[in-house]
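The structure appears below as structure tokens.
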Amino acid sequence: MTQAKRIVLASRPAGEPKLSDFRTEQYQVPTPGEGQVLLRTIWLSLDPYMRGRMSDGPSYAQPVPIGGVMEGGTVSEVMASNNTAFAKGDIVLSRAGWQTHALSDGSGLRKIDSKLAPISTAVGVLGMPGMTAYTGLLEIGKPKPGETVVVAAASGAVGSAVGQIAKIKGARAVGIAGGKDKCDYVKRELGFDDCIDHRDRDLAAGLKDACPKGIDVYFENVGGAVFEAVFPLLNTFARVPVCGLIAHYNETEAKPPKWAASLMRAILTKRLTFRGFIVGDFAARHGDFLRDMPQWVREGKVKYKEFVTEGLDSAPQALIGLLKGTNFGKQLVRVGPEKA
Ligand SMILES: NC(=O)c1ccc[n+]([C@@H]2O[C@H](COP(=O)([O-])OP(=O)(O)OC[C@H]3O[C@@H](n4cnc5c(N)ncnc54)[C@H](OP(=O)(O)O)[C@@H]3O)[C@@H](O)[C@H]2O)c1
């Protein structure tokens, strides 16, 4: 019997997760029953939403139970199949979570064509983060040629795609990222018009210089001090797709809304549109995404960067790092080789 490994939630973090909030367990590789497939994990996607699943506060999704396998999207290989829809050797997009092996009855699995693109992109630029950027920007942000689009976490999985799609639509793209290396990459490799380091003491002044005509679309990935710098620069009729608030995910209690009154006043007088969204809200646009995004990637109009840590054991530290910017690009864990 081959040993398999999984990482479960040992305790709910207070603030920043700690390694002791996770526990590694060994188990026997399971045997698929009738209608089931056995999956071997190749790539595990790490995403900021996982911090939310570790807490049991009110949310749009159920938390991971204590002792439950940490949730996550995976690219997996079918090792054995008792399901007529899948054959041994198929590569599939799955939600197998933080484990080396899993059983599935086939529901929710999607076959990946490894000839079209590297299979890891199914959880990155051609998967959930890419779809988030595409739908949030085009359905809510609706950038017009010549407008200014600002996005934070600009070198990351979602933000990098947001700025490049904004450029495709003829807008001016300004990124905000943590540190010189990330900003250089965002400008030089991804072709943003500018990128500001949010760790600079005068973020607000830098952003104002980078956006001389104000901001028409702010794709919100971060919240916190970044939002406070962006907010005064929003133009009349600006649109704000609220995608994520990573600066707040480790907070233990809600801060009092000390400037809620000025926010509301600006929403009224500038006729601002703020709309929160979860990528699944735009499932009807998946066909459009699958038409446009692979083509833009093939044409080099949308570039992407992957940040890989090795082995399932690296996942807890990598998630802790993702929440404070140690990743540089889409965070992936290589759980197993592409060819077994
Ligand atoms: N609504 C949805 O359906 C949906 C779907 C996917 C993702 N999201 C959200 O989209 C955002 C980006 O996700 P992603 O997967 O693309 O992650 P990512 O950008 O690849 O990685 C997270 C990045 O957030 C930045 N960050 C962390 N703390 C920060 C802070 N206090 N201030 C400024 N930046 C900070 C760091 O970049 P720097 O080093 O550049 O600061 C870090 O690298 C997250 O908020 C996530 O929750 C939402």
Side-chain angles (χ1 to χ4, degrees), residues 125 129-178 182-198 203-247 266-267 270-277 279 282 285 288-289 292-293 296-297 299-305 329:
V125 69
M131 171 82 179
T132 303
Y134 180 90
T135 54
L137 182 66
L138 300 183
E139 293 291 301
I140 304 173
K142 299 186 196 301
K144 298 188 203 65
E147 287 191 329
T148 298
V149 174
V150 172
V151 62
S155 70
V158 175
S160 60
V162 167
Q164 293 178 92
I165 298 170
K167 293 294 295 178
I168 290 168
K169 298 296 171 186
R172 175 178 161 76
V174 175
I176 301 171
K182 288 185 177 180
C183 284
D184 285 349
Y185 166 76
V186 165
K187 282 187 284 187
R188 293 188 192 145
E189 294 290 320
L190 304 182
F192 284 42
D193 296 280
D194 211 339
C195 187
I196 308 300
D197 184 350
H198 67 79
L203 168 63
L207 200 55
K208 196 168 178 207
D209 286 348
C211 304
K213 293 187 191 162
I215 297 172
D216 301 294
V217 179
Y218 173 53
F219 192 103
E220 175 64 290
N221 276 336
V222 165
V226 171
F227 178 66
E228 292 183 23
V230 163
F231 174 62
L233 300 175
L234 291 174
N235 288 334
T236 303
F237 295 116
R239 287 83 66 199
V240 182
V242 181
C243 172
L245 297 168
I246 196 165
I267 289 174
K270 291 188 180 177
R271 285 85 103 205
L272 304 175
T273 301
F274 280 67
R275 180 174 164 194
F277 74 102
V279 59
F282 296 120
R285 296 291 313 270
D288 297 333
F289 169 71
D292 290 340
M293 201 64 152
W296 291 338
V297 171
E299 291 171 351
K301 290 180 179 163
V302 173
K303 296 182 184 144
Y304 62 95
K305 188 178 181 72

Do you know which two heavy atoms are closest between [X] and [Y], and how far apart they sit?
X	Y	answer
Ala229	Ala204	CB-CA, 4.0 Å
Thr148	Cys211	CG2-SG, 4.0 Å
Ala157	Ser160	O-OG, 3.4 Å
Phe192	Gly175	CD2-N, 3.5 Å
Val158	Pro129	CG2-O, 3.8 Å
Cys243	Thr132	SG-CG2, 3.5 Å

Other residues, nucleotides, ligands: >12 heavy atoms within 6.0 Å of [X] [atom1]:
X	atom1	result
Lys270	NZ	yes
Lys305	NZ	yes
Arg188	CZ	no

Check whether any side-chain heavy atom of [X] lies under 4.5 Å from a side-chain heavy atom of [Y], and answer yes or no.
X	Y	answer
Glu220	Leu245	yes
Lys144	Asp216	no
Asn221	Val151	yes
Phe227	Val222	no
Leu190	Lys167	no

For the side chain of [X] and the backbone of [Y], is there at least one donor-acceptor N/O pair under 3.5 Å apart?
X	Y	answer
Asn235	Lys213	yes
Asp193	Val174	no
Glu228	Phe231	no
Lys303	Glu189	yes
Arg239	Phe237	yes

### Message
Which label fits Tyr134 and Trp296: parallel for a plane angle under 30°, tilted from 30 to 60°, or perpendicular past 60°?
### Response
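Answer is tilted, since the angle falls between 30° and 60°.
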### Message
Tell me whether the rings of Phe277 and Phe282 are parallel (<30°), tilted (30 to 60°) or perpendicular (>60°).
### Response
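Because their plane-to-plane angle lies in the 30° to 60° range, the rings of Phe277 and Phe282 count as tilted.
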How far does [atom1] of [X] sit from [atom2] of [Y], to the nearest 0.5 angstrom?
X	Y	atom1	atom2	value
Ile215	Lys208	CD1	NZ	11.5 Å
Arg275	Ile140	CZ	CD1	4.5 Å
Asp209	Asp194	CG	CG	9.0 Å
Leu207	Ile176	CG	CD1	4.5 Å

### Query
Could you walk me through whether Phe274 and Leu234 pass the side-chain contact (heavy atoms from CB on, under 4.5 Å) check?
CA-CA 11 Å; Phe274 280 67; Leu234 291 174; 4.2 Å; yes
### Task
Take Met293 and Val125 through the side-chain contact (heavy atoms from CB on, under 4.5 Å) test and state the conclusion after the steps.
CA-CA 8 Å; Met293 201 64 152; Val125 69; 3.9 Å; yes
